[in-house]
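Residue numbering restarts at 1 for every chain, and letters A, B, ... go by the order of the sequence lines.
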Amino acid sequence: MQAHTAHVRNCDRPRNFPTAGGRVESAPFRTALHRSLPVELNPQQRAAVHHLEGPLLVLAGAGSGKTGVITRKIAWLLRECGYRPRQVLAVTFTNKAAREMRERVRRLLADRPVRGLRIGTFHALGLEILRTHPQALGYRAGFSIFDTHDSLHQVAEIVRKARLHLEPEHARWQIGAWKNEAIDPEAALAGAESDREVACARVYAAYQDQLRAYNALDFDDLLLQPVRLFETHPELLEAWRERIRYLLVDEYQDTNPAQYRLVRLLSGPLGAFTVVGDDDQSIYAWRGARPENLARLAEDYPRLTVIKLEQNYRSTGIILRAANRLIAHNPHVFEKRLWSRLGQGERIRVLSCRDPEHEAERIVSEILHRRFQERARDGDFAILYRGNHQSRPFEQALRAHRIPYHVSGGTSFFDYTEVKDLVAYLRLLVNEDDDRAFLRCVNTPRREIGAATLEKLAAYAGERGIGLLAACFEAGLAQRLPARARHRLEGFATWIAAQADRARRGDPVAVFRDLVEEIDYRGWLESQAKTPEEAGRRWENVEELFEWMERTRAALEGEASLAELVARMSLMDLLDRKDADADGDRVHLMTLHAAKGLEFPHVFIVGMEEGLLPHRSAIESGDLTEERRLAYVGITRARRTLTFSLAARRRVGGQWSETEPSRFLQELPEEDLVWEGGRCDARPPEERRARGRAHLANLKALLEDG
DNA sequence: ACGCCACCTATTTTT
DNA sequence: TAGGTGGCGT
């Protein structure tokens, strides 16, 4: 035990880098924000930062300091190579990653301005491209962005009207898959191989027409349309290439074909880019990511340089050995082997438990124990699982022991009804053709405009080829509708138009606040909510929306038209509050997917059972590689200790069933694992027999003694 | 327009 | 088992 502790201390030392204030930081939660690379880069990192001749692929293993390489490279380009901030573009997948990257670059370049430096998500980039030339593809300024719900609703309506035998979800999924591959409706129809695909392709075409009519784009369009734009307007592409002299892409293994094409287009034939990725951490193939884009790069750019970062600055030797051994079971294009100087560390424990409740209980007592013995903070622990439903017993156990925790994921801010309601108003103010927004606003709060009225309005608008809002003003509507209904519609439309006008002239945020006041949205919330608390909670979200708008307007420095604000809003750059929760000193509960990019001193990977990890559907499909990578991602999150757990039985759809230990446990180095079964026999058979023999020997010895 | 009941289905999720 | 949804009835 003593020796172990000493080891652990040793391991820890190189990780405590002095921060600006000379303070020593320990146990940081998020790599990117709190830790910087050691002052000295290792030779591979340095080579990656300094390489400018032609395209570069950095294969960055987990914990190898890849974000540090990207941020330092940006700093290098600006400081030493004469690039202006506007000429450098860094692309990430999430807003969070973009924020962290910008923050780190800002710190590296504390002495010089970074204004104009482009760091953002693929979607934000697509939005910017489209907003600078909306007319080139037939959009008008102020176009709306449909979120997943709008989009599904739209598809469902098309399916319903066409009386197709098609699940809207499936159609929406298929359309998304086509868009990810940059396949347009005509190509989709041409390539359709089944009746179902033909039907989907038809829906796809109708859906695109519909979006066009609404002057709206969905999330996938933000990637697909820029590709189309550049492929059909070489002069615009040329202008963008002129502006962007260097391109950096993070998490390259997560790119889909549309993103790949966008990168190729923007970076030009010479390939002035650095992409960073790790094929072993590709866990999003199920939503269109193509890890093979890494290998493809070498074919498309014969001059490609590949640099591997294999030194890990995060985990102990035993943890890395486990990770390496596991992932070696996957086929590889690029061989990669992580190593570290952080010492061996503790062995990996495997807790086999009776059932999920027992599993939770044992892990929580483990946390209590470590917290006490090593004075670990709650925030040092992470419990990682395959599916969100697994969190429940852990939440219960943690609550029972009064341990603070935070569950990542769950409802997005933009899924709250109150947020959707008000965003609909904003969208309508900016884009009068957004019929979805119109339909949402028109009766929220109630304006006594009934379904029949709206039906007739829609029919009329359809005939005239105009939006619902515009149709409200038409004299021709008088013949179709009773005067009262028409007056209500016209009153609403006039009012909306007036608000839109005010927003264009004056302070958009103030106009919006007034609007919310005028419709007495707060009163509406109170009347809708079951309890006053609920109304209060919802109103808080509304205030948060206000605050976000204020902040963003301030950040945009006078350039903030309502249209600008609304466009950015749909890309949700607003995570501040959620992160405040996550940053607190709490045990982290999250899915393995959500854990990517994070690290924790103590990691528990729970539910290590066949059917869960690897997931049943993966077993059925016969391809376990992505599940293995998921386990790999989980393992490589751990800095000091790693613990697996499994339950001998689990409810699968209300029915208890016996489980088998995950095959992944068997793929780990046996000598580094400590099985702790207790009374539960869910260990691999060899071990069970060995234990049995030992037990027998013990008994014999006792008998002989007696 | 709302509420209740019955039925169905259980991965991962960002923008 | 539980939660979510869709349809039907009031």
Whole-Å distance, A:H389 NE2 to B:dT9 P, equals 17 Å
Among the nucleotides B:dC2, B:dT14, B:dT11, whichever has the atom closest to the side chain of A:T94 is B:dT14
Provide the distance between the two C1' atoms, one in C:dA2 and one in B:dT13, to the nearest whole Å.
23 Å
Assign each of A:E626 and A:A124 the nucleotide of DNA chain B bearing its closest heavy atom; nearer the 5' end lies the nucleotide of A:E626
With sequence neighbours left out, the residues meeting side chain to side chain donor-acceptor pair (under 3.5 Å) with A:E667 are A:R628
A:D433 meets the salt bridge (charged side-chain N to carboxylate O under 4.0 Å, His left out) criterion, sequence neighbours left out, with A:R140
Output yes if the stacking criterion (under 5.5 Å between centres, under 30° between planes) is met for A:W286 over the base of B:dT11, else no. no
Rounded to whole Å, NE2 of A:H615 lies from C1' of B:dA10 at a distance of 9 Å
| A:F219 vs A:H123 aromatic rings, parallel, tilted or perpendicular, using cut-offs 30° and 60°? | perpendicular
Walking DNA chain B from its 5' end, the first of A:L630 and A:S570 to be reached, judged by nearest nucleotide, is A:L630
*asked:* Between B:dT13 and A:T591, counting only base atoms on the nucleotide and side-chain atoms on the residue, is there a donor-acceptor pair under 3.5 Å?
replied: no
Would you tabulate the nitrogen or oxygen pairs shorter than 3.5 Å linking the protein to nucleotides 1-3 of chain C?
residue, atom, partner, partner atom, Å
C:dG3, OP1, A:R392, NH1, 3.1

A:E627 atom CD is separated from B:dT11 atom C1', nearest whole Å, by 8 Å
Separation of B:dT11 atom P from A:E609 atom CD, nearest Å, is 14 Å
OP1 or OP2 of B:dC2 under 4.0 Å from side-chain N/O of A:R446
yes
>> On the nucleotide B:dT13, are OP1 or OP2 found under 4.0 Å from the side-chain N or O atoms that A:N388 carries?
In response: yes
Item checked: Side-chain H-bond candidate by donor/acceptor type, A:Y252 with A:N293, under 3.5 Å -> no
- [ ] Describe the nucleic acid contact of A:R629 in one word from base, sugar-phosphate, nothing, applying a heavy-atom distance below 4.0 Å.
- [x] nothing
With a cut-off of 3.5 Å and sequence neighbours excluded, list every side-chain donor-acceptor pair involving residues 445-455 of chain A.
residue, atom, partner, partner atom, Å
A:R447, NH1, A:Y425, OH, 3.1
A:R447, NH1, A:C441, O, 2.6
A:R447, NH1, A:V442, O, 3.2
A:R447, NH2, A:Y425, OH, 2.7

Next item on the list: Indicate, with a heavy-atom threshold strictly under 4.0 Å, whether A:T148 touches base, sugar-phosphate, or nothing.
Entry: base
The salt bridge (charged side-chain N to carboxylate O under 4.0 Å, His left out) partners of A:R538 (sequence neighbours excluded) come to A:E418, A:E534
In whole angstroms, the gap separating P of B:dT14 from CZ of A:R99 amounts to 13 Å
When rounded to whole Å, the CD to P distance for the pair A:E448 and B:dA1 reads 10 Å
Sorted by chain and number, sequence neighbours left out, side chain to side chain donor-acceptor pair (under 3.5 Å) with A:H133 holds for A:W240
TODO: Using the P atom as the reference point in each nucleotide, state the distance between C:dT5 and B:dT12 in Å, no decimals.
DONE: 15 Å
Per atom distances to the A:H593 side chain, the nearest of B:dT15, B:dT12, B:dC2 is B:dT12
Distance-only side-chain donor-acceptor flag, A:D623 / A:T625, under 3.5 Å
yes
Go through the N and O atoms of the side chain of A:T121 and the base of B:dT15, and report whether any donor-acceptor pair is under 3.5 Å.
no
In whole angstroms, the gap separating C1' of B:dT9 from CD of A:E167 amounts to 14 Å
Atom CG of A:L223 and atom P of B:dT15 are separated, to the nearest Å, by 12 Å
